[in-house]
Structures are given as C-alpha cells and as structure tokens.
Amino acid sequence: MEFKELASFYEKLEGLSSRLSMIEVMSDLFKRLRYDEVDKVVYMVQGVLAAPYEGVEFGLAVKMAQEAISIATGVSKTDVDTMYKKLGDLGSTAEKLRSVSKLKRMTSSTYTVEMVYNSMLKIAKTSGSGSKGLKIRILAEMLAASTPLECRYLIRYPLGQLRLGAGDYTVLEAFSLAATGSRSSKELLESAYNICSDLGYVAKVLFKDGVEGVGRIKVSLFRPIRPALAERLPTAEQILKKMGGRCAVEQKYDGFRCQVHKKGKQVRIYSRNLEETTSMFPDIVAEAARSIKSDSAIFEGEALAFNEKTEEFMPFQETIQRKRKHGINAMAESMPLHLMAFDLIYDGKSYMERPYSERRKLLEEIVSKDSDRIKLSKMVIIESAERLERFFEDSVGDGLEGIVAKDLSAQYVAGARGFGWIKMKRSYKGELSDTVDLVVLGYYLGKGSRAEFMFGGLLCGVYDKKRDMFETISRIGTGFTEEWMRELREKLSKIRLKSKPARVESLIEPDFWVEPKYVVTVRADEITRSPMHTCGAYKKGTGYALRFPRIIGEEPIRRDKGAEDSTTSVEVIEMFEQQKKVSTKPHP
Ligand code: ATP
C-alpha cells in the first residue's frame, strides 16, 4: 500500500465521532493490506513501531521535527516555529508549509507504507553521537517527497501525536470484521491478544492462518501476558460462599506487580501494564537468575521494600519515594526489594489452563527456600469465614493492605477480572472500601486564584470494557496542590483535542477534551446515582457518580495504568451494590 492511501485512511479516522464507523473504516483498511505489511500498518495506526512492551521509542523532539520541516520546505526555523505556535499542531504546520512551499516537491519517489515504517524504525534505532542530525535528515527526506496530507502524519507519527482514538479492543473488532465479515470473533481474538500482547503479531497470524490460527497462539517467553485481575467482595462470608466453601487466601502486598520471564540466566520483568521494567529491579533479576529452579519459567509476584531491622514491609508510597530519592542502585543496598511470588504461568510449557492449586504447587517447587529476596506469598487454605477473617485481620495487623482469596480450581485468565481471585481490603471510616482508578477525559480552566495555573479541575471517567467506551463518573475540583495543578495542566495541554473523542460518552462538556490516556487513583466517600454522568447509564438507565472524590498518591498520575486499565463501569455498579450491603455494618 502506498503511504498516501494510509494517510487518507488516517484522515477519515480522525474525523469520525462514532466507534462503529471507526471499526468499519479500519476493517476496510486491513482488507487492503498485503501479508508482509499488515503488522507494520497495525503498529502505524496505533502510533508505535512495535508491541509496546518492546519499548521502541522514536527519540525525536519537537525541535528536531521543526528543523526537518524547515529543510524540506525551505522555510526558516523561526517561521516554522511561529506557525506552529499559531496552529498548535506541528502536523498541520508541516501540511500547510508543504502546500505553500516554493521548493518543488521531489515527486520521483512515492513512499509505500513499508518504506515509511522502515525509515521511522531507522529514526528510532539511530542513537549516539551524530544521531540527531541523521534523524532530522531521514525525516526531511520523506517530507520533501510527500504530499501535504502525508506530511501531516509523517510529523504526528514520530511525535506520538496521531491520536486516532482507536483502542486495542476497537482494533481487534476491526480485525474480526475484516477477516470474517462479522465482529463476533472479537472475543477469540481478544483472548489471543491477552496472551501475547502484540496486536501486530495477532494480525499476521490472522492473515495467514485465520481465526483458528489465532486460537492456537500460545504463551511464550519474553512476550508478556496481560495480567489476571481480582474482583472485590466486602466480607469474608461472601467470599467463602462465592468460592464454594473452601479456598486459598494469600496476603496482599502493596508494591509493584512483576511478571518475571526467565530462560537460563536471561531474565526480563514486565509491569502490570506490560512495560519492560527489568532495569528497575537489578537485585531481583540477579536473584531470579540465581535461585529460580527452572530453566524456563514465567511467574508473577509483587515487589516491595522490606525493612530488615523492623521486619516490616514498606507501604507502596514509601517504596516509590525511596527509589526516587536514593536511586535504584543505592536503594538496592539500603532497602532491598523483595519479590513475593504468587503465581506461575509457564514452566517449560504453559500452565495457564491448569488449576491454581497445581500452579501454586509448582511455584513452591521452583522458588528456592534459601532465597531471602524471592519468596512465596504467604498462603493458607481455609474452610471457614472465621478463619478467613482472622487471616485478613492478621495481614492488616502486619501492615498489609488486605488479602486475595483464590479459587483452588481456577485457571489463570489473562487480561480478565474474574472471581478466580477476590480481593478484600482494609477500609477507612466513612469511605468506600476501595479506591477507583479513573481516566482523565477533560479538564477545566481555573477561576479566581486558580486562574494563574490555568487549571480548574478534571472530568474523569471509567471504562466500559464490553463496548470499549469511556463514561464519565466525576468532576474533581478540589485537593490539588500548586505543583499538581502545574503538572496536570502541562501534561494535559499536550494531549488536548478539538472535540470529544469517539470513544467517550458524556453529557458534560469540559473546557477541553483530552485523549483518554492518564489514570488517577481516587478515594471517595460513596457512590451515588446521578443523571449527570454516563457511568453505567447504558446498562442501568441512570448513571453513577462519586461523592467527595479526591486524588490520592504521591503524584497525581498513575504510571502503571493506561486508559483501558481504569476501573470499569461494571465494577462501579458492583461496588455500589456492596456499599448498600455493608452500610449498616462498617468493616473494621
Ligand atoms: P487491579 O490490579 O485489580 O486493577 P489495583 O492495581 O488497584 O487493581 P489492587 O486493587 O490493589 O490493585 O489489587 C490487585 C493487585 O494486587 C494485583 O494486580 C497485584 O499486583 C497485587 N497483589 C499483591 N499481592 C497479591 C497476591 N498475593 N495475589 C495476587 N495479587 C496480589
């Protein structure tokens, strides 16, 4: 496919305000691709060069892109910058300058999608001295031979500003439509994607071996699996009942989730949102290579700092703070991180489909008893609510957050929140027993004393996984420090959109819409019904809202979660129902 054609698809997608039309346009696009370009175009539509866990970054700053535009159009750097300031978008700046440029377009070559992809990859891979100039030249060369519309996207793509608004699940639905003529294979494609976390790879297998081929995608080393997630229930009785009278309970550690992949001495770690975090955990990497008794394994655990003097785990906030203050290596010495292993996914072959009891047994075999860095999470099997309650109380007494109960016969379900794991957390008086993670959908300008920060609060939402849509749940207007206001304004102004994105459903109009990207953790007093918000309204007629919401944490934006990892509307409805049940008998 020529890049020109892809650019006109981009233009079409950009103008759409409905998710269904987006799926149709994308399916149309995928149908026109050849086998050897399909993965590349999938990455290009997502604004990346490879699956996100590969961590391939363009490494191209706005100033460098401006210089490339200047070379390609013959317009001075100052003039490029002036127009950029006026239009607020460097892609449109390039488009405009290309169309009025006196330098003749070098039309001898037309770029295919593959050529553009390869050049962009070269831009990303070029590093070291002289790399800046080379990156600029590669980009300038493409711009010089391209049409104004192509220029718009040649600039936005490496700057991470494509913002087509297509989430992973929308892309998967488009795959399904393209391959089968219907959107109904979406679920199967989704399970495969949850196992390999690489949309380009799923697209390639689909193209070659069809939906059945995708169904055969297996767990493999150094390709992170989307993590299994826990449901929540407020009381020991309810948990035990749901589990059928007998289950495992583990202590719940509040740290960083780590998915450890090990082959021989090679170890890589991935975070909850599938970023490679190997370099953050040198001590755990070394220990996994040394002490894990399996040649090739994938297991999960929670990493957190342990104070050896007091024999206590440090709370999450403190773990991050220390890491920031002391640097990774100093921290490894002064306050070593421990990995509390809680699940095993792979040991020479996949164990995802095997029951928890069997996975746990294998995990106990491969985690060396003599290791004081990588340990097993504390676990007991219980058959009574009293015993569960006691274990919970003891865990809280040990300074932990609570417990996770585990169904002994449950499989490891990648990327899904299910009742195979049920969490129960300590609650605080007069507050919802759990925090919610909300995606920022828009923001307001400040009035009065806030005017100087140009920031007056956030419009936040939840995720409807089934429809792949974001719904509003709360406006958050208080509790921001000056530092937070500055940070939020700066970050959000970079992802501002002209109109409401296609995947957002809202009755409220903030001063600015933003690309759904950042997640904040919010504590509230309760969940109430509200006709103002669209959270759950699609299911329940009237929406849900938060009473007295406030952002918690060291910094406002949560780094380990993306938009689609925010709390779902289904969870909010569940929490609302649970709140009714426990409101007469508050939890300790
Ligand atoms: P979620 O991960 O469910 O979206 P969250 O990130 O806010 O929510 P929590 O609600 O605190 O996290 O609970 C789930 C997380 O608890 C897991 O993702 C995992 O990182 C952590 N965890 C700690 N101890 C355990 C354990 N023993 N078993 C499973 N998970 C555990």
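- Scanning for salt bridge (Lys or Arg N to Asp or Glu O under 4.0 Å) contacts around Lys96 gives an empty result, with sequence neighbours left out.
- Between the CD atom of Gln259 and the CZ atom of Arg223 there is a distance of 13.0 Å, given to the nearest 0.5 Å.
- Every side chain to side chain contact (heavy atoms under 4.5 Å, CB included) that Ser21 has, sequence neighbours left out, goes to Leu16, Ser18.
- Taking CD from Glu37 and OH from Tyr117, the interatomic distance works out to 13.0 Å, rounded to the nearest 0.5 Å.
- Once rounded to the nearest 0.5 Å, the distance linking CG of Asp168 with CG of Leu189 reads 12.5 Å.
- Remark: side-chain polar atoms of Arg475 are not paired, donor with acceptor, to backbone N or O of Leu459 under 3.5 angstrom.
- Rounding to the nearest 0.5 angstrom, the gap separating the OG1 atom in Thr93 from the CG atom in Asp79 is 12.0 Å.
- Distance alone, capped at 3.5 Å, places no donor-acceptor pair between the Ser185 side chain and the Leu188 backbone.
- Identified under the ring-ring contact (aromatic ring centres under 6.0 Å, His included) test for residues 134-159, with sequence neighbours left out: Tyr10-Tyr153, Phe58-Tyr157.
- Salt-bridge check for Glu95 with Arg156: failed, with every basic side-chain N at 4.0 Å or more from each acidic carboxylate O.
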Query raised in the report: Can you check side-chain hydrogen bond (donor to acceptor under 3.5 Å, both in side chains) on Asp198 and Tyr43, steps first, answer last?
Result: CA-CA 9 Å; Asp198 184 344; Tyr43 297 135; 2.7 Å; yes
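- Checking side-chain atoms of Glu302 against main-chain N and O of Gly255 turns up a donor-acceptor pair under 3.5 Å.
- For Glu57 against Ala124, the heavy-atom pair with the smallest separation is O-CB, 3.2 Å.
- Note on Arg152 versus Glu11: salt bridge recorded, some NZ/NE/NH1/NH2 to OD/OE distance being below 4.0 Å.
- The pair Arg183-Glu173 meets the salt-bridge criterion, since a charged nitrogen lies less than 4.0 angstrom from a carboxylate oxygen.
- A distance-only check finds no donor-acceptor pair linking the side chain of Glu190 to the backbone of Leu172 [under 3.5 Å].
- With rounding to the nearest 0.5 angstrom, the CD1 atom of Ile136 is 11.5 Å from the CG atom of Leu143.
- For the pair Ala563 and Pro516, the tightest heavy-atom approach, listed with the atom from each and the gap, is CB-O, 3.5 Å.
- Ser182 meets the side chain to side chain donor-acceptor pair (under 3.5 Å) test with Ser184; sequence neighbours excluded.
- Ion pair Lys494/Glu490 flagged as a salt bridge, since at least one NZ, NE, NH1 or NH2 atom sits closer than 4.0 Å to an Asp/Glu carboxylate oxygen.
- Every pair passing salt bridge (charged side-chain N to carboxylate O under 4.0 Å, His left out) that includes a residue from residues 262-274 is listed here, sequence neighbours excluded: Arg272-Asp565.
- A heavy-atom distance below 4.5 Å is not found between the side chains of Leu162 and Met44.
- Exactly one of Leu97, Thr78, Asp81, Val80 qualifies for a side chain to side chain contact (heavy atoms under 4.5 Å, CB included) with Ser70. That residue is Val80.
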Query - Asp464 vs Lys466, salt bridge (charged side-chain N to carboxylate O under 4.0 Å, His left out): CA-CA, chis, key distance, verdict - result: CA-CA 6 Å; Asp464 178 347; Lys466 218 167 184 140; over 6 Å; no
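- Applying the ring-ring contact (aromatic ring centres under 6.0 Å, His included) test to every pair with at least one member in residues 494-516, sequence neighbours left out, gives these pairs: Tyr443-Phe512.
- Remark: Ala203 engages Val38, Val42, Phe175 in a side chain to side chain contact (heavy atoms under 4.5 Å, CB included) (not counting sequence neighbours).
- Salt bridge status for Glu515 with Arg163: present, with a side-chain N to carboxylate O gap under 4.0 Å.
- Ser197 places a side-chain N or O within donor-acceptor distance of the main-chain N or O of Pro224, the cut-off being under 3.5 Å.
- Taking the ring axis of Tyr538 as reference, the NZ or CZ atom of Arg467 stays within 45° of it and closer than 6.0 Å to the ring centre.
- With sequence neighbours excluded, the residues satisfying side chain to side chain contact (heavy atoms under 4.5 Å, CB included) with Ala61 are Met64.
- Checking Arg98 against Thr73 by side-chain atom types alone, no donor-acceptor pair falls below 3.5 Å.
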Query raised in the report: Going through the checks in order, is the side-chain hydrogen bond (donor to acceptor under 3.5 Å, both in side chains) test met by Glu471 and Ser569?
Result: CA-CA 8 Å; Glu471 305 166 343; Ser569 40; 3.3 Å; yes
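- Annotation: ring-ring contact (aromatic ring centres under 6.0 Å, His included) contacts of Tyr463 (sequence neighbours excluded): Phe470.
- With rounding to the nearest 0.5 Å, the separation of CD in Gln66 from OG in Ser76 is 10.5 Å.
- Looking at Glu353 and Gln411, their side chains never bring a donor and an acceptor atom within 3.5 Å of each other.
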Requested in this report: Give the intermediate values and the outcome of side-chain hydrogen bond (donor to acceptor under 3.5 Å, both in side chains) for residues Thr521 and Asp437.
Outcome: CA-CA 4 Å; Thr521 296; Asp437 297 315; 2.7 Å; yes
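- In this structure, Thr568 contributes its side chain and Glu571 its backbone to a donor-acceptor pair below 3.5 Å.
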**Report entry** CA sep, side-chain torsions, deciding dist, call: Tyr518, Arg558, side-chain hydrogen bond (donor to acceptor under 3.5 Å, both in side chains)
**Finding:** CA-CA 7 Å; Tyr518 293 125; Arg558 247 189 105 135; over 6 Å; no
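- Applying the 6.0 Å contact sphere to NZ of Lys500 captures more than 12 heavy atoms from other residues, nucleotides or ligands.
- Residue pairs that meet the ring-ring contact (aromatic ring centres under 6.0 Å, His included) test with at least one member in residues 197-227, sequence neighbours left out, are Tyr35-Phe207.
- In this structure, the side chain of Asp468 engages the main chain of Thr170 through a donor-acceptor pair within 3.5 Å.
- For the pair Lys186 and Tyr169, the cation-pi test (distance below 6.0 Å, angle within 45°) is failed.
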Query - Derivation of the salt bridge (charged side-chain N to carboxylate O under 4.0 Å, His left out) call for Lys491 and Glu487 - result: CA-CA 6 Å; Lys491 288 218 160 81; Glu487 177 181 340; 3.1 Å; yes
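- Every side chain to side chain contact (heavy atoms under 4.5 Å, CB included) that Ser271 has, sequence neighbours left out, goes to Asn273, Glu275, Thr277.
- Here Asp209 pairs with nothing under the salt bridge (Lys or Arg N to Asp or Glu O under 4.0 Å) rule; sequence neighbours left out.
- There is no side-chain donor-acceptor pair under 3.5 Å between Glu5 and Ser8.
- Distance alone, capped at 3.5 Å, is enough to place a donor-acceptor pair between the Thr278 side chain and the Ile269 backbone.
- When the shell of 6.0 Å around CD of Glu231 is examined, it contains more than 12 heavy atoms from other residues, nucleotides or ligands.
- Not one N or O on the side chain of Ser566 forms a donor-acceptor pair closer than 3.5 Å with the backbone of Val462.
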